[in-house]
Amino acid sequence: MTIISSVEELKAVYGEVTEASIAKVTTSLTPAYRRMIEMSPFVALATVGPEGLDCSPRGDRGAVVRVEDENTLALPDWRGNNRIDSLLNIVRDPRVALMFLIPGSNSVMRINGRAVVSVAPDLLASFEMEGRHPRSVVVVTIDEAYFQCARAVMRAELWNAERQIEPTDLPTPGDMLKAAKADFDRDSYDREWPARAAKTMW
């Protein structure tokens, strides 16, 4: 196995960066970038902390984040499993990266920036959904914004309905939990999960 061990070796393999790859990077949202982000219902939130890295999926009905201004995004933290890995990282290291997917589009939006976790009552109230509020909101200050080359989504055929996997061909959540913990009650978990999720979506 031949391992690359220096920046110079790596650059020799990949060559020069294209002009478009540099030109697309901005320090705030352009009108086009804002439009893309406002159409995205899903984002992967990457954070870093003393224990290592974390990447967490976030989704919402409509836009997954709210654009506060050209430099600021607000991401409500809706119901989950209470591990709060992302939030624990942010309060200790503000660096974050976000990757937005837009159903039907092969373009992916990327944001690098710094975040804080806010529990300001007026901010929480502004995200009310079905009478409920998030327990916190991640407020992101943008350092870099750009779109990703579409090849990855094109290769994956992510939006091709003919490529979708039948759920019955995959392990259930209960199956995966039982594989991790032998005495876990797989059947009860899978049976009760749909109703529990429906009641605790927000």
Side-chain angles (χ1 to χ4, degrees), residues 3-7 10 21-22 24-30 33-34 36-102 108-130 132-149 152 173 176-177 179-181 184 189 193 196-197 200-202:
I3 303 298
I4 290 175
S5 57
S6 72
V7 171
L10 187 61
S21 296
I22 301 299
K24 67 185 178 182
V25 180
T26 63
T27 57
S28 59
L29 294 182
T30 66
Y33 285 174
R34 177 173 185 147
M36 292 290 286
I37 286 174
E38 288 177 336
M39 294 302 291
S40 173
F42 177 88
V43 67
L45 170 65
T47 59
V48 59
E51 295 81 20
L53 305 176
D54 182 71
C55 188
S56 174
R58 303 299 174 101
D60 214 327
R61 183 183 297 163
V64 68
V65 301
R66 185 170 68 207
V67 178
E68 300 290 333
D69 56 49
E70 64 182 12
N71 298 108
T72 313
L73 306 176
L75 171 62
D77 189 60
W78 292 112
R79 295 288 293 270
N81 56 21
N82 291 333
R83 283 185 54 119
I84 62 172
D85 296 312
S86 299
L87 305 182
L88 287 169
N89 282 348
I90 289 170
V91 299
R92 296 175 295 176
D93 187 324
R95 292 175 295 169
V96 296
L98 298 94
M99 186 181 76
F100 296 86
L101 294 178
I102 303 146
V108 175
M109 283 302 303
R110 305 264 307 265
I111 295 289
N112 295 321
R114 292 157 287 116
V116 295
V117 179
S118 175
V119 291
D122 57 339
L123 183 59
L124 301 182
S126 71
F127 283 99
E128 181 174 334
M129 183 71 73
E130 297 181 2
R132 297 177 179 172
H133 308 111
R135 282 181 280 184
S136 66
V137 175
V138 175
V139 180
V140 178
T141 299
I142 296 169
D143 291 329
E144 292 183 321
Y146 55 98
F147 68 94
Q148 183 75 29
C149 166
M176 291 184 282
L177 282 161
K181 187 176 186 296
F184 190 83
Y189 186 89
W193 165 246
R196 184 166 66 251
T200 59
M201 192 62 63
W202 312 109

Looking only at heavy atoms, which two atoms of [X] and [Y] are closest? And how far apart?
X	Y	result
Val48	Asp93	O-CB, 3.3 Å
Ser6	Ile4	O-CG2, 3.5 Å
Ile90	Ala115	CG2-O, 3.4 Å
Ala44	Cys55	CB-SG, 3.9 Å
Val108	Phe100	CG1-O, 3.3 Å
Leu88	Arg83	CD1-O, 3.9 Å

*side chain to side chain contact (heavy atoms under 4.5 Å, CB included) partners for Ser5, two or more places apart*: Glu9
*asked:* Name the residue from Leu98, Ile102, Val65, Val64 that meets the side chain to side chain contact (heavy atoms under 4.5 Å, CB included) definition with Ile37.
replied: Val65
Roughly how far, to the nearest 0.5 Å, is [atom2] of [Y] from [atom1] of [X]?
X	Y	atom1	atom2	value
Asp77	Ser56	CG	OG	8.0 Å
Met36	Leu101	CE	CG	10.0 Å
Gln148	Ser21	CD	OG	9.0 Å
Thr72	Leu29	OG1	CG	9.0 Å
Arg132	Met201	CZ	CE	10.5 Å
Lys24	Thr30	NZ	OG1	13.0 Å

*Among pairs that include at least one residue of residues 116-126, which meet side chain to side chain donor-acceptor pair (under 3.5 Å), considering only residues two or more places apart or in two chains?*
Arg66-Ser126
*Which pairs pass side chain to side chain donor-acceptor pair (under 3.5 Å) with one or both residues in residues 40-55, sequence neighbours excluded?*
Thr47-Asn89, Glu51-Arg92, Asp54-Ser86
*Does Asp69 use its side chain to pair, donor to acceptor, with the backbone of Asn71 at less than 3.5 Å?*
yes
*asked:* So Glu70 and Ile142, do their side chains get closer than 4.5 Å, heavy atoms only?
replied: no
*asked:* Contact between Trp202 and Asp60 at the side-chain level, heavy atoms closer than 4.5 Å - yes or no?
replied: yes
*Determine, step by step, whether Asp143 and Arg114 satisfy the salt bridge (charged side-chain N to carboxylate O under 4.0 Å, His left out) criterion, reporting the C-alpha distance in whole Å, the side-chain angles of both residues, the deciding distance to 0.1 Å, and the verdict.*
CA-CA 7 Å; Asp143 291 329; Arg114 292 157 287 116; 2.8 Å; yes
*Other residues, nucleotides, ligands: >12 heavy atoms within 6.0 Å of Arg196 CZ*: yes
*asked:* So for atom CZ, which belongs to Arg34, do other residues, nucleotides or ligands contribute more than 12 heavy atoms lying within a distance under 6.0 Å?
replied: yes
*Would you please test Tyr33 and Met109 for side chain to side chain contact (heavy atoms under 4.5 Å, CB included) and show each step?*
CA-CA 8 Å; Tyr33 285 174; Met109 283 302 303; 3.6 Å; yes
